[in-house]
Amino acid sequence: MSRYYQTTPIYYVNDAPHLGTAYTTVVADALARWRRIAGDDVFFLTGTDEHGQKIDRASAAAGLSPQEMADRTASRFVRAWSELGISNDDFIRTTEPRHHSAVQAFLSAVNDNGYIEKGSYEGLYCVSCEDYFTEGEAVGGNCPIHGKPLEWMSEENYFFKLSLFEQKLIDYYEANPEFVRPLTKRNEALGFIRSGLRDISITRKAVQWGVPVPWDPGHVFYVWYDALINYATAIGYGTDQERFGQWWPAVHHLIGKDIIRFHCVWWPAMCMAAGLEPPHRIVVHGWLLVGGEKMSKTKLNQIDPVELAADFGADAVRYHLLRDVTLGSDGDFSYEGMVGRYNADLANNFGNLASRVATVVDRKCGGVGPAPRPDSKLAQAATSLASASASAWADFAPQDALELAWRLIREANAELEATEPWKMEPGAAVDGILGDALEVLRLVAILVSPAMPTACAELWRRIGMRERLSDQRAPEALEWGAYTAGAAVEKGSALFPRRSS
RNA sequence: GGCGGCGUAGCUCAGUUGGUCAGAGCGCACGGCUCAUAAUCGUGUGGUCGUCGGUUCGAGUCCGACCGCCGCUACCA
């Protein structure tokens, strides 16, 4: 059994979850769910990033302590993921004691290895913002927020000697072509590394809301350095090295394209500096756009995933995100697209197939599911499509995995049209046809369950499967013929009621 | 400016190393069916594969130029 450790970024608690963060989390969840089916020992982590100046200020403005503010927002994430059926094994928060311990242990190791040195950070500083800006951000030498002149300031802090890892990173990338996916993002990260790496400051003195530097308590770690280490914390870094060793480096990070540098450059270098293997794989996804634009508070185009799930059902939202966004590319969300996909794929194809099969089984087979035929016309297509779908899941291509499952659904619908069992007298011929159709539903339920766990479990129950869907293991469970005949088939209400709008 | 990517049917997109590669789904049109959630099945519509050259027996598929769009070019998470 191999181990598979799936992570999402930890979400910053300055904002409630929106459809963009939900997209990331749903994709990670589906990937993790597939790996469980594939028989891997899976650990799936998500959580929240709670330190830093922004939280410090926002909480003060709201009349709360930073911790109160973090508690409040973190609970919204927990609830949202619950509503969306996210199967995370742990939820890490960077303000937890275990994380403070891990950060201090991790960076002490980096320090002991000689990769941290004291220096001074210099840059353009806005007194009103109490923050630094790059020259690119400055507008005519003025603060882009306040419009006031920026001052050249310097601050004593600690630097991570990132520059020493330039060649090591290049070597690692070249030795592991699949390290970052898709390829274009890998090239982007590698190009950045090749252009030359500078040391980076990793502590802040002006900010107090963070993890103190163990050897110099007047400083706290810069929030990004603290945040990345969550991936190590959750599997026992610094507290349970044996457990850590079981899961590291079998980690698969799913991230958005906006945080490539932190994950694809800083983080592997940090791991090397701490004496660890770099992460096994980083999968980069694009942005979920609305009307072609990025979701943002100011554009008022943010979509609440909890509301959307309340409207369409969590499974349908998950399906749409996984099916209509090519992992790695930007996707565009629209209400019309959501409805269109729902009706076409879920109500008309999938749900209706389940419905018509159940009805004919009821009329022609006394409501008892018959056995599929080993030599069914559908067997060959089912075997190859199921196999291809499984491969797509394993290859981080949910959109392909689902498309292939739907091809199987279409095959089954077409076969029913061709044979018209509803016109036949009860008997072996009808039994065979419907046994085949039920077998297709069984296979589809497995293949689609990472995307729609609740609906697939319900279908699984309705067709009379006795074992639990969650206990199915690919590839054995995807072999043709495992439908357990003789059980009552239940029609039930529509799995996905068709929508008019 | 530098590096990288993209531009294929109305829409969303597939198209390994050049030779059934001109495709899928949706949409639309026509026909069949009526078991099913007015669902389904079949047939068809539809593209000079961004433009112009080049290499080749043969190019969405390689090379060059050009047009249009986009990403990255570091310490905001």
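Between the CD1 atom of Ile259(A) and the P atom of C72(B) there is a distance of 14 Å, given to the nearest Å. At whole-Å resolution of the value, CD1 in Ile55(A) and P in C76(B) are 16 Å apart. Counting to the nearest Å, the P atom of C26(B) and the OH atom of Tyr319(A) are 11 Å from each other. Rounded to whole Å, the distance from CH2 on Trp287(A) to P on C70(B) is 13 Å. The interatomic distance linking Asp324(A) (CG) with C26(B) (P) rounds to 12 Å, in whole Å. Distance, Lys257(A) NZ to C6(B) C1': 12 Å, rounded to whole Å. Atom CD of Gln399(A) and atom P of G15(B) are 10 Å apart (whole Å). Atom CD in Glu336(A) sits roughly 21 Å away from atom P in G10(B) (whole-Å rounding).
For the P atom pair drawn from U48(B) and U61(B), the interatomic distance equals 16 Å after rounding to whole Å. Rounded to a whole angstrom, the distance from the C1' atom of U12(B) to that of G1(B) is 35 Å. Separation of the C1' atoms belonging to A24(B) and C67(B) is 30 Å when rounded to the nearest angstrom. Comparing the C1' positions of G2(B) and C11(B) gives a spacing of 36 Å, expressed to the nearest Å. Taking the C1' atom of each, G47(B) and G23(B) are spaced 11 Å apart, rounded to whole Å. Of the P atoms belonging to G10(B) and G71(B), the separation is 26 Å, rounded to the nearest Å. On the C1' atoms, G68(B) is 24 Å away from G46(B), given to the nearest whole Å. Separating the P atom of G60(B) from that of U55(B) is a span of 16 Å, rounded to the nearest Å.
Here C26(B) sits opposite G10(B) as a Watson-Crick or G-U wobble pair (both hydrogen-bonding atom distances under 3.5 Å). For A39(B), there is no paired base (Watson-Crick or G-U wobble, both distances below 3.5 Å). Base pairing of C52(B) is made with G64(B), judged by Watson-Crick or G-U wobble geometry with both donor-acceptor distances under 3.5 Å. The pairing partner recorded for A59(B) is none, the criterion being a Watson-Crick or G-U wobble arrangement whose two distances lie under 3.5 angstrom. The nucleotide C33(B) finds no pairing partner, because no Watson-Crick or G-U wobble arrangement with both distances shorter than 3.5 Å includes it. Across the strands present, C76(B) finds no partner; the criterion is a Watson-Crick or G-U wobble pair with both atom distances under 3.5 angstrom.
Base contact: Leu495(A) has a heavy atom under 4.0 Å from a base atom. Gly196(A) comes within contact range of at least one nucleobase, with a heavy-atom separation under 4.0 Å. If you check every strand for non-hydrogen atoms under 4.0 Å, Trp406(A) touches nothing. Residue Asn349(A) is in sugar-phosphate contact alone, with no base atom involved, counting any heavy-atom pair closer than 4.0 Å across all strands shown. Residue contacts for Tyr222(A): at a heavy-atom cut-off of 4.0 Å it reaches the sugar-phosphate backbone alone, with no base atom in range. Ala494(A) comes within 4.0 angstrom of a base, heavy atoms only. Residue contacts shown for Asp330(A) are absent, as no nucleic acid heavy atom lies under 4.0 Å away. Residue Asn348(A) is in sugar-phosphate contact alone, with no base atom involved, counting any heavy-atom pair closer than 4.0 Å across all strands shown. Note on Phe192(A): a base of the nucleic acid sits closer than 4.0 angstrom, heavy atoms only. In this structure, Arg410(A) reaches the sugar-phosphate backbone alone: every heavy-atom distance under 4.0 Å involves primed, P, OP1 or OP2 atoms, never a base.
Base orientation of G7(B): anti, since the glycosidic angle falls outside 90° of 0.
One side chain, Arg498(A) or Asn348(A), offers a donor N or O that lies under 3.5 Å from an acceptor on the other. No hydrogens or angles considered: nothing links the side chains of His51(A) and Thr95(A) as a donor-acceptor pair under 3.5 Å. For the residue pair Thr94(A) and Asp226(A), no side-chain donor N or O sits within less than 3.5 Å of a side-chain acceptor on the partner. Checking Ser65(A) against Gln67(A) by side-chain atom types alone, no donor-acceptor pair falls below 3.5 Å. Judged by distance alone, the side chains of Asp436(A) and Ser376(A) do bring a donor and an acceptor atom under 3.5 Å apart. Side-chain contact of Asn413(A) with Arg356(A): a donor-acceptor pair under 3.5 Å is present, judged by distance alone.
The shortest distance between side-chain heavy atoms of Trp266(A) and Phe160(A) does not fall below 4.5 Å. Contact annotation: the side chain of His219(A) never approaches that of Pro212(A) to less than 4.5 Å [non-hydrogen atoms, C-beta and beyond].
Relative orientation of the Tyr231(A) and His253(A) rings is tilted, given thresholds of 30° and 60° on the angle between their planes. Between Trp406(A) and Tyr319(A), the ring-plane angle classifies as tilted under the 30° and 60° cut-offs.
Residue Gly191(A) is the one, among Thr326(A) and Gly191(A), whose nearest nucleotide of RNA chain B lies closer to the 5' end (criterion: closest heavy atom). If Glu188(A) and Ala227(A) are placed on RNA chain B by their nearest nucleotide, the residue sitting closer to the 5' end is Glu188(A).
For A74(B), neither phosphate oxygen OP1 nor OP2 lies less than 4.0 angstrom from any side-chain nitrogen or oxygen of Arg198(A).
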(message) Output one letter per nucleotide in nucleotides 28-36 of chain B: B when a protein non-hydrogen atom lies under 4.0 Å from the base, S when only the sugar-phosphate is that close, - when neither is.
(response) ----BSSBB
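The side chain of Arg261(A) lies closest to U73(B), out of A77(B), C41(B), U73(B).
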